[in-house]
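Note that ligands are numbered from 1 as they come in the structure, with each ligand's atoms numbered from 1 the same way.
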Amino acid sequence: MPKNEKISNSVIRRLPRYYRFLGELSKEGINKISSRELAERMRLTASQIRQDLNCFGGFGQQGYGYNVSELRSEIGSILGVDKQHKAVLIGAGNLGHAIAVHINFEKYGCKLCGIFDSDERMVGQTIVGQKIIDVDRLSEFCRQHQPRIAILCIPKSAAPQLCEQLIGLGVKAFWNFSHYDINLEHNDIIVENVHLGDSLLALNYGVSNSANKTEE
Ligand code: NAI
C-alpha cells in the first residue's frame with residue numbers, strides 16, 4: 001500500500017507523467033524496466049525515479065527493475081483512475097465543446113455526467129451523446145447526481161457566482177479554465193488552473209532567449 005501521507009506535492013505532480021510513460025511501455029510490450037532505462041526515456045535521473053517511487057514503498061527489485069504493468073496500476077490507483085468521480089462541465093462553447101469531445105474522462109478517473117450552458121440556442125444540442133442542459137437547472141441536477149468535480153469553460157466574469165453555487169452544492173474540485181482565482185475566496189477547494197497562454201509564454205521566452213543567444 002502506498003504511504004500517501006509522505007507524498008510531496010512535487011512527487012504527485014510527476015505521477016501523471018510516470019503513469020503515461022508506463023502506459024506507453026506497456027503498449028510497446030515492455031514488461032520490466034530498470035530505473036536507468038526509465039530515467040533515460042523520461043529525461044530524469046535514475047536516483048530521482050528511485051526516490052519518487054520509494055515514496056510508495058518502492059516497487060522495484062534490486063537487479064530486476066520495475067514490473068511495468070504492476071507499477072502503472074499502483075500509480076493509477078494512487079491517482080484515483082479507478083474512482084470515476086462525477087463531473088459537470090459548465091460552458092459548452094468552443095473550449096467546453098473541445099474538452100467534452102477530446103478528453104476521455106473515464107480514462108482519467110472521472111465520469112462526465114452533465115454539460116451546462118446559459119445560451120438557450122445551445123441548450124438541447126447534443127455533445128458526446130449528452131444533451132446540453134440549461135444552467136438554470138444546475139442546482140436541481142447537482143442535488144440529484146452529486147458531482148464532486150466541475151470543469152469551468154465560462155468567461156471569468158461568470159465564474160465567481162457559479163463557483164459559489166457549485167461549492168454550495170457540494171462540488172469539491174474545479175478544473176478551471178476560466179482565469180478566475182477560485183482559491184482567493186475558497187482556499188479549502190481543490191483547484192487545477194489551466195492557462196494555455198502561460199505555456200505559450202514559456203515557449204515564447206525559450207524562443208526569444210535562444211534568438212538573443214544567436215544574435216549575440
Ligand atoms: P465561448 O464564448 O465559445 O464559450 C463560452 C460559453 O460559456 C458560451 O457558450 C456561453 O453561453 C457560456 N456561458 C457564459 N456564461 C455562462 C454561465 N453563467 N453559465 C453557463 N454557461 C455560460 O468561449 P470559449 O472560447 O469556449 O472560451 C470560454 C472561456 O475560456 C473564455 O472566457 C476564455 O477566456 C477561456 N479560455 C481559457 C483558456 C485557458 O487556457 N484557460 C483557453 C481558451 C479560452
Check this for me, if you would: do [X] and [Y] make a salt bridge, where the nitrogen-to-carboxylate-oxygen distance has to be below 4.0 angstrom?
| X | Y | value |
| --- | --- | --- |
| Glu140 | Arg137 | yes |
| Glu106 | Lys83 | no |
| Arg36 | Glu40 | yes |

Item to complete: Over 60° means perpendicular and under 30° means parallel, so classify the ring planes of His179 and His195, tilted if in between.
Response: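 If you compare the ring of His195 with that of His179, the planes turn out parallel.
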Worksheet item: With a cut-off of 6.0 Å (strictly less than), are more than 12 heavy atoms of other residues, nucleotides or ligands near CZ of Phe21?
Response: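 Counting neighbours around CZ of Phe21, more than 12 heavy atoms of other residues, nucleotides or ligands fall under 6.0 Å, so yes.
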Discussion item. Strictly under 4.0 angstrom, heavy-atom based: which residues surround ligand 1?
Written reply: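 Those residues closer than 4.0 Å to ligand 1 by some heavy atom are Ile90, Gly91, Gly93, Asn94, Leu95, Asp117, Ser118, Asp119, Met122, Val135, Cys153, Ile154, Pro155, Ala158, Leu162, Phe177, His179, Val194, His195, Leu196.
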Worksheet item: Does some side-chain heavy atom of Leu152 sit less than 4.5 Å from a side-chain heavy atom of Leu166?
Response: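 Leu166 vs Leu152: side chains touch.
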